[in-house]
Structures are given as structure tokens and as C-alpha cells.
Number of protein chains: 2
Amino acid sequence: MKHLPHKTIARLSQYRRALLLCLAKGKTHIFSHEIAKIQHITAVQVRRDIMLIGYTGTLRKGYNVKELIDLIGNIIDSEKRIDVCVVGTGNLGKAIINYFKGRRTKLTITAGFDIDPKKIGKKITGVPIYNVADIKKIIQEKNIRIGVMTVPGEQTTEICDMLVDAGIKGILNFTPKPVNVPHGVFLEEYDMITSLEKVAFFVKTQNEL
Amino acid sequence: MKHLPHKTIARLSQYRRALLLCLAKGKTHIFSHEIAKIQHITAVQVRRDIMLIGYTGTLRKGYNVKELIDLIGNIIDSEKRIDVCVVGTGNLGKAIINYFKGRRTKLTITAGFDIDPKKIGKKITGVPIYNVADIKKIIQEKNIRIGVMTVPGEQTTEICDMLVDAGIKGILNFTPKPVNVPHGVFLEEYDMITSLEKVAFFVKTQNEL
DNA sequence: AGGCTATTGTTAAAATAATAACAATGCAAA
DNA sequence: TTTGCATTGTTATTATTTTAACAATAGCCT
């Protein structure tokens, strides 16, 4: 497979969720338009994405749910578990840790970090919380490869530098402040306000029509 | 202005954040490459976006920070405040409410909804929490136009239907379950796992090289 | 069996988005 | 004043992503 578009990667992850739901319902096959409906995209796009990963469905029966789940897993999952840490265990950090609890994925949150002494040493739904000061030590000991940042804006830059220094390979930044990472570290930023303002923009323009 | 690309809308919102920061620092002008650096994009893209909204900077001095903030505001803000509600006041809901606290934007969170009697009637950083059963009444009374869903997956569909029924115009769905809305309601979905799996995919492929 | 239809797989076209290229020009320094 | 250069604004090009089009065919119905 030469190269999978970013967008396709993101959709594959979503397809899998839909497929797992179907599997749970006992469905063995699914049509492209059924997946499309769930994800609010077109059936063509689903077929095209599936084509890109080299899977082939059955004419008039659709795709084998289980096979497709496995294949998507082969592509987007790592062979081995990838350990993830969450830096900042405020509301958002807790939400993320809870969100992952009990989901079967190769991604596992194995550490949380905070500066609050009241939190350090405790656990959040099974995930131990460490002192941010020990971030490098813990990340290397546990071979953590991905860091999720949910700290307040003022600490973002400092924490990011610590993560990079500790040898982290990917960062998902939920803080409102953009960061810089050296080449070789994958960075994904997400800002809730941007999403909300986007919704608001379309609500507004629609109203004006 | 004929038509602004979705991506540009999203970036404008981010530019504004960067600009507000600069304004706070006392900067009166800013260069395209400075904005670009903050946002991890190219200066060309910044200039192009700014061109699209019809603003013109000063050669060798850059863009007037204050003017640009105002113009972006004119474009992406509503004239009037848009009221937003958050349905589900768990960790994520609380995180979002806190996140907005004290930010000056036309978007204001004016209601939270929950089913937990212990939460109903209380406030979260100033935002009153109502019973989900009263969702239609409150939304109409307060003229709330946008709903943010942070409820558990099982309740997603039901809550979504209630929001639509109450006349909401835009929905931002943070739950893991995709929803359907009728034409005329703008829907934006965000799934944290998708973001994280995307990061993991690139961490994985890079490792394999 | 034979025709009809729904569905896949794939190529082609269109739309969207990002990047490059470069003319214009105003400020700074000589 | 004049030269050089940094910076904008804009058009052109390229890359990416989505959508359309349609041939192929497996299964269903008669």
C-alpha cells in the first residue's frame, strides 16, 4: 500500500467503531451505504476508502464485518500496545481517561501526570497519577510513546518541551495554546472553541439567508 | 464575499486567538509569518486567508492587530450573542463550561443539562444546570441556538432528537456515537479516539521506516 | 434458465485546499 | 536620494480529497 490519505486514516477509525457496533448486534455483513449513513458521508467514499486498503467485499452481500474490522486493525493499530500518557488531570484529562476505560484498543493510557500533590499517587479509574517532575523518568520506564496534553494554556509550552525531551513520538494537544515540536514528533492539535465557532458560523449564515 | 472555505473559517478562529494574545502583549502590528509560526502553517496560507476576507495589511509593517481582530469578529461572530447549552455535565461537560469561562466571544454557554438530581439546580462556574426533562422549555425560553452533547453514548440519539425537537440550529457532538439531524441543522462531530488513533498511526509508520 | 437489480470496484472528473511564484512597494540604511 | 530588501497581495500551479460515472456481476425473481 503506497500511501493512505490522512482523511482516510481518520475515517477508518470511525468505520471500525460503526462496525464494532454492528458486530455486537450480530450483523455479519454490511453494505457501503449502511456505513455511509452512520458516518454521514457518501457510500462512494466508503467504498473508495475500503478499496484503498485493499479489501474486497461480496457483491450483493456487502462487506464481512469481522474481516473488515480485523483488516482496519492491521492497518491502524500497532502490533504491540502503544502506551499513552495524559498530562493534566483536570476535567478534560479525567474525561479522556474515563473515555478510554474498558475500550479494546491497542492504545492504552498507562500514566497521568499532574502538579497537584493531592492527586499525585492516586489513581483515576485505574490509571496512576505521577508528579510532572518525574515525567521523563516515567515515560522512559514505561516506554510511553504518545502524550495527550490537557493542562492550562500557561503551562503548555513547558510541558510540551518536557514531553519532547522525554522522547515522546506523538502529541495530541487539547490546550488552547499552539505548540512547536521538532521534526520527527507528530503533532495533532484540537481546539474546542474552533469547532464551536465553526458551528456558530454556519448557524449564523444560514439564519441570514 | 462569495464563499469562505470551511478550513479558512476554522483558521480565522485560531488567528484571532493568536491576535488577542499579541494585543495583550501590546503588539500593534503583526507579520503574516509571525501568525504562521504560532499556528504551524505557512505564511502564504495566512496571507491568502486574510486576502479572502478582504483585509489589507501595511507593507513592511504587517497587519494591524486590532483591526484584524475586529474584522475576523465581523465575519465569524454573530451580531448578537449566540447562546449555547451543554447537555451532560460530566467531566467533559464541565471542562467545556470552564474552558469558556471568562473568554470574550459572542458564544455564551447559558445552560447545562443533566439527569442527576444532585446536579440539577446547582451551578458550574456560573452556568445553571437544568433537568434534561425541561430541555425544550429552557432552550426556547433562552433562545439557545447551539447544543453541545457530552452525554454517554447510550443517550446520544435520544438527546439529539430532543435538541432538534426543541429547535436547536447547530449541534457539536462529542459523544462516541454518530447521530442524524434533519436538513437545516448543522452538525459537527468530534471523536477523541479518532484523533488519538491518527497520531498513533503516524507514530507507528514512522517507527517502521 | 434468463432477465432484472442492487451492489461492488475502479477509473475519470470535479471540487477543494495548499503551495509556489512573483510583481509591487514602502521602509531602512547607505 | 537611491539601493536593497522584506513584505504584501494575487495569480498560477500543484496536490489532495471528494464526487460522479459506469462496467461487472452475484443473487433474486419469475
Side-chain angles (χ1 to χ4, degrees), chain A residues 1-15 18-19 22 27-65 67-68 71-72 75 187-189 194 198 201-202 205, chain B residues 1-15 18-19 22 27-65 67-68 71-72 75 187-189 194 198 201-202 205:
Chain A
M1 198 171 317
K2 64 177 218 301
H3 176 67
L4 242 29
H6 282 219
K7 297 278 179 101
T8 295
I9 300 295
R11 279 192 300 265
L12 285 175
S13 161
Q14 299 188 309
Y15 295 164
L19 291 168
C22 293
K27 240 169 129 62
T28 62
H29 288 75
I30 191 166
F31 295 128
S32 59
H33 62 257
E34 292 177 297
I35 300 178
K37 182 79 182 298
I38 298 174
Q39 302 293 343
H40 314 120
I41 55 178
T42 66
V44 183
Q45 192 156 60
V46 173
R47 293 210 299 279
R48 209 169 186 294
D49 285 335
I50 290 175
M51 185 195 79
L52 287 176
I53 63 174
Y55 184 69
T56 284
T58 310
L59 203 44
R60 303 276 301 191
K61 282 176 74 184
Y63 303 98
N64 181 306
V65 175
E67 282 177 16
L68 192 47
L71 180 59
I72 292 176
I75 290 162
L187 174 67
E188 172 93 359
E189 311 216 7
T194 298
K198 195 172 151 192
F201 177 77
F202 288 102
T205 47
Chain B
M1 199 172 317
K2 63 178 221 302
H3 176 66
L4 242 28
H6 282 219
K7 296 282 179 95
T8 294
I9 301 295
R11 279 193 299 265
L12 285 175
S13 160
Q14 298 189 311
Y15 296 164
L19 292 167
C22 292
K27 239 168 132 59
T28 61
H29 287 76
I30 192 167
F31 295 128
S32 59
H33 62 257
E34 292 177 297
I35 300 178
K37 181 78 182 298
I38 298 173
Q39 302 294 343
H40 313 122
I41 56 178
T42 65
V44 183
Q45 191 155 62
V46 173
R47 292 209 300 279
R48 209 169 186 295
D49 285 336
I50 290 175
M51 184 195 80
L52 288 175
I53 63 174
Y55 184 68
T56 285
T58 310
L59 204 44
R60 305 274 303 189
K61 282 177 76 185
Y63 303 98
N64 180 306
V65 174
E67 281 177 16
L68 192 47
L71 181 58
I72 292 176
I75 290 162
L187 174 68
E188 171 94 358
E189 310 217 13
T194 298
K198 194 172 152 193
F201 176 78
F202 288 101
T205 46

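Put simply, CD1 on B:Ile35 is 13 Å from P on D:dT7, counting in whole angstrom units. Summarising the geometry, the separation between OH on A:Tyr55 and P on C:dT8 is reported as 11 Å, rounded to the nearest angstrom. We find that CD1 of B:Ile53 is positioned 11 Å from P of D:dG9, with the value rounded to whole Å. Here the P atom of nucleotide D:dA26 and the CZ atom of A:Phe31 are 15 Å apart, to the nearest Å.
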Which atom pairs link the protein and nucleotides 14-18 of chain D when you take only N or O atoms and keep those under 3.5 Å?
unit_1: D:dT18; atom_1: OP1; unit_2: A:Arg11; atom_2: NH1; d: 3.2
unit_1: D:dT18; atom_1: OP2; unit_2: A:Arg11; atom_2: NH1; d: 2.8
unit_1: D:dT18; atom_1: OP2; unit_2: A:Arg11; atom_2: NH2; d: 2.8
unit_1: D:dT18; atom_1: OP2; unit_2: A:Gln45; atom_2: NE2; d: 3.1
unit_1: D:dT18; atom_1: O5'; unit_2: A:Gln45; atom_2: NE2; d: 3.0

Check nucleotides 27-30 of chain D for protein N or O atoms closer than 3.5 Å to its own N or O atoms and list the pairs.
none

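In this view, B:Phe201 satisfies the ring-ring contact (aromatic ring centres under 6.0 Å, His included) rule with no residue, not counting sequence neighbours. Scanning for side chain to side chain donor-acceptor pair (under 3.5 Å) contacts around A:Glu189 gives A:Asn173, B:His40, with sequence neighbours left out. Scanning for side chain to side chain donor-acceptor pair (under 3.5 Å) contacts around A:Tyr15 gives A:Asp49, with sequence neighbours left out.
Dashed line: the shortest gap from a side-chain N or O of B:Thr56 to OP1 or OP2 of D:dG9 is under 4.0 Å.
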Might you work through the side-chain contact (heavy atoms from CB on, under 4.5 Å) test for B:Arg11 and B:Thr8, ending with a clear yes or no? CA-CA 5 Å; B:Arg11 279 193 299 265; B:Thr8 294; 3.6 Å; yes
After noting the C-alpha distance and the side-chain angles of B:Thr58 and B:Asn64, does the key distance pass the side-chain contact (heavy atoms from CB on, under 4.5 Å) rule? CA-CA 8 Å; B:Thr58 310; B:Asn64 180 306; over 6 Å; no
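Within the 3.5 Å criterion, the main-chain N or O of A:Phe31 finds a donor-acceptor partner in the side chain of A:Glu34. Judged purely by atom type and a 3.5 angstrom limit, A:Gln14 has no side-chain atom pairing as donor or acceptor with the backbone of A:Gln39.
At its two ends the helix from C:dA1-D:dT30 to C:dA30-D:dT1 runs along axes set 10° apart, each axis drawn from five pairs and the angle rounded to 10°.
Distance check: B:Leu12 CG to B:Ile72 CD1 gives 5.0 Å after rounding to the nearest 0.5 Å.
Across the interface with DNA chain D, nearest-nucleotide mapping of A:Ile41 and B:Val44 shows B:Val44 to be the residue nearer the 5′ end.
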